[in-house]
Chemist: 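Sharing a structure with you now.
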There are 2 protein chains.
Amino acid sequence: MDKNSDLQRQRPFAGTLARLKSAGLRPTRQRLALGKLLFDAGDRHVTAEQLHGEADAQGIKVSLATVYNTLNQFSTSGLLREVVVAPGRSYFDTNVDDHHHFFYEDDATLQDIPGDQIALAALPDAPADAEVARVDVIVRLRRTDENRS
Amino acid sequence: MDKNSDLQRQRPFAGTLARLKSAGLRPTRQRLALGKLLFDAGDRHVTAEQLHGEADAQGIKVSLATVYNTLNQFSTSGLLREVVVAPGRSYFDTNVDDHHHFFYEDDATLQDIPGDQIALAALPDAPADAEVARVDVIVRLRRTDENRS
DNA sequence: TTTCTGTTTGGAATTGTTCTAAACTATTGA
DNA sequence: TCAATAGTTTAGAACAATTCCAAACAGAAA
Ligand SMILES: [Mn+2]
Ligand SMILES: [Mn+2]
Ligand SMILES: [Zn+2]
Ligand SMILES: [Zn+2]
């Protein structure tokens with residue numbers, strides 16, 4: 001019997017509720033549902049379309065516009081972080097800790113590289129007129145022949 | 001008197017011509033003109049719209065579709081490399097050597113970091129089913145208050 | 001030259017995302 | 001408990017970047 005999942009069964013939106021409160025966002029039906037999809041399943045990297053599809057599959061009625069609104073609000077609140085890896089589509093990452101990414105080009109999929117498993121030696125000085133906002137490392141992967149179906 | 005620029009004055013498309021040949025692309029009027037804009041001015045990072053604008057400014061008649069075609073063909077031929085830094089637009093880089101980038105978020109501008117000025121310590125093993133195609137490091141910069149106009 | 005095939009082009013189409021303005025709903029505080 | 005208020009959702013239009021299309025065009029080869 002897992003205490004954590006037991007808690008979730010009783011108060012299924014507790015986690016998201018706390019997050020919304022800390023971000024100063026009203027706990028609406030839509031945000032609670034999307035937050036649950038996003039945060040109750042461990043680390044995730046999703047696109048707006050994907051999340052909208054998942055909500056739909058679970059019978060949750062949310063417009064695509066709201067999915068975009070929510071993902072953007074969550075991102076600017078620090079609940080999510082946006083990762084840019086491919087032209088023309090945005091990924092949203094539920095892991096907001098310092099970390100980097102593997103990107104499987106074949107299926108356009110992201111995977112975390114723990115922050116301590118990669119280190120930058122000799123990061124050059126930022127130009128004098130600017131400061132470093134973030135450093136993104138993307139390791140682009142191609143499936144090897146032997147594993148291609 | 002600079003020998004290199006002297007040569008360019010006599011055979012203004014020589015460089016691009018050689019590149020096109022090596023890529024197996026016909027030296028059309030459009031490709032020669034775009035190649036000249038791209039390669040005769042040192043390292044550059046341009047978007048399709050930008051390049052199209054430059055061509056236009058010089059009186060070169062090229063359709064935007066051709067600019068896209070050309071940039072994509074140059075990229076798959078290895079004459080250019082595509083850099084993804086911001087959602088919704090692609091940058092094309094005339095520097096195809098191993099190197100990384102500063103990205104000024106304020107004006108959406110790229111700047112090279114020489115390959116030897118940044119090093120990855122402890123790059124994690126690629127998953128067994130894949131091989132590393134490329135590693136991109138993007139150092140995102142924000143202009144400091146003192147320098148903001 | 002003629003033929004052949006690769007290239008260019010304008011315009012339509014597609015895709016991902018944002019905008020708009022009207023309908024709705026959570027919150028507040030009488 | 002109920003307005004009044006301000007934040008939220010939504011359908012659909014609008015947008016921006018990019019690709020697609022099919023017809024005209026232009027290098028290359030014969
Ligand atoms: Mn955004
Ligand atoms: Mn491309
Ligand atoms: Zn991640
Ligand atoms: Zn570069």
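Lettering follows sequence order; numbering is per chain, from 1. The model shown is predicted, which means the values in this text are computed figures rather than measured ones. Atom set for the values below is all heavy atoms of this structure, side chains included, hydrogens, waters and symmetry mates excluded.
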Chemist: Between Arg31(B) and Thr70(B), is there a donor-acceptor pair closer than 3.5 Å when you use the side chain of the first and the backbone of the second?
Modeler: no
Chemist: How close or far is atom P of dT27(C) from atom CG of Leu25(A), stated in whole angstroms?
Modeler: 12 Å
Chemist: What is the separation between atom CZ on Phe92(B) and atom C1' on dA17(D), rounded to the nearest whole Å?
Modeler: 11 Å
Chemist: Which nucleotide, dG16(C), dT9(C), dT5(C), lies nearest any side-chain atom of Tyr68(A)?
Modeler: dG16(C)
Chemist: Between Ser90(B) and Asn69(B), which residue's closest nucleotide on DNA chain D lies nearer the 5′ terminus?
Modeler: Ser90(B)
Chemist: What integer distance in Å separates Glu82(A):CD from dT17(C):C1'?
Modeler: 11 Å
Chemist: Where the side chain of Arg140(B) meets the backbone of Val85(B), is there a donor-acceptor pair that is under 3.5 Å apart?
Modeler: yes
Chemist: Does the Thr47(A) side chain pair with the main chain of Ser90(A), one donor and one acceptor, at a distance under 3.5 Å?
Modeler: no
Chemist: When you get a sec, tell me which of dG6(C), dT18(D), dT10(D) is the closest nucleotide to the side chain of Arg31(B)?
Modeler: dG6(C)
Chemist: Classify Pro27(A) by what it touches in the nucleic acid, base, sugar-phosphate, or nothing, heavy-atom distance under 4.0 Å.
Modeler: sugar-phosphate
Chemist: Gln73(A) side chain N/O closer than 4.0 Å to the phosphate oxygens (OP1, OP2) of dG7(D)?
Modeler: no
Chemist: Roughly how many Å is it from CG in Leu71(A) to C1' in dT9(D), rounded to a whole number?
Modeler: 15 Å
Chemist: Is the backbone N or O of Arg134(A) less than 3.5 Å from a side-chain atom of Arg142(B), with the two atoms forming a donor-acceptor pair by type?
Modeler: no
Chemist: Given atom CG of Leu20(A) and atom P of dG7(D), what is their separation to the nearest angstrom?
Modeler: 16 Å
Chemist: Counting heavy atoms from C-beta on, name the nucleotide in dA11(D), dG11(C), dT17(C) closest to the side chain of Ser63(A).
Modeler: dA11(D)
Chemist: Considering only heavy atoms from C-beta outward, does the side chain of Val135(B) approach that of Ile138(A) to under 4.5 Å?
Modeler: no
Chemist: Can you tell which of dT10(D), dT8(C), dC20(D) lies closest to the side chain of Val62(A)?
Modeler: dT10(D)
Chemist: Please list all pairs passing the side chain to side chain donor-acceptor pair (under 3.5 Å) test where one or both residues lie in residues 107-116 of chain B, with sequence neighbours left out.
Modeler: His45(B)-Asp112(B), Asn95(B)-Asp112(B), His99(B)-Asp112(B), His101(B)-Asp112(B), Asp107(B)-Arg143(B)
Chemist: Starting from the 5' end of DNA chain D, give me the residue, Thr47(B) or Thr28(B), whose nearest nucleotide shows up first.
Modeler: Thr47(B)
Chemist: Quick check for you: among dT9(C), dG7(D), dA26(D), whose closest atom lies nearest to any side-chain atom of Arg29(B)?
Modeler: dA26(D)
Chemist: Could you state the CG-C1' distance from Leu64(A) to dA14(D), rounded to the nearest angstrom?
Modeler: 15 Å
Chemist: Does OP1 or OP2 of dA26(D) have a side-chain N or O of Gln30(B) closer than 4.0 Å?
Modeler: no
Chemist: To the side chain of Arg26(A), which of dG27(D), dA11(D), dG7(D) is closest?
Modeler: dG7(D)
Chemist: Quick one: His52(B) NE2 to dA16(D) P, roughly how many Å, whole number?
Modeler: 16 Å
Chemist: dT25(C) P sits how many Å from Leu32(A) CG, rounded?
Modeler: 15 Å
Chemist: Hey, which sits more toward the 5' end of DNA chain C by its nearest nucleotide, Thr66(B) or Glu49(A)?
Modeler: Thr66(B)
Chemist: Side chain of Arg89(B) only, please: which of dT8(C), dA17(D), dA28(D) is the nearest?
Modeler: dA17(D)
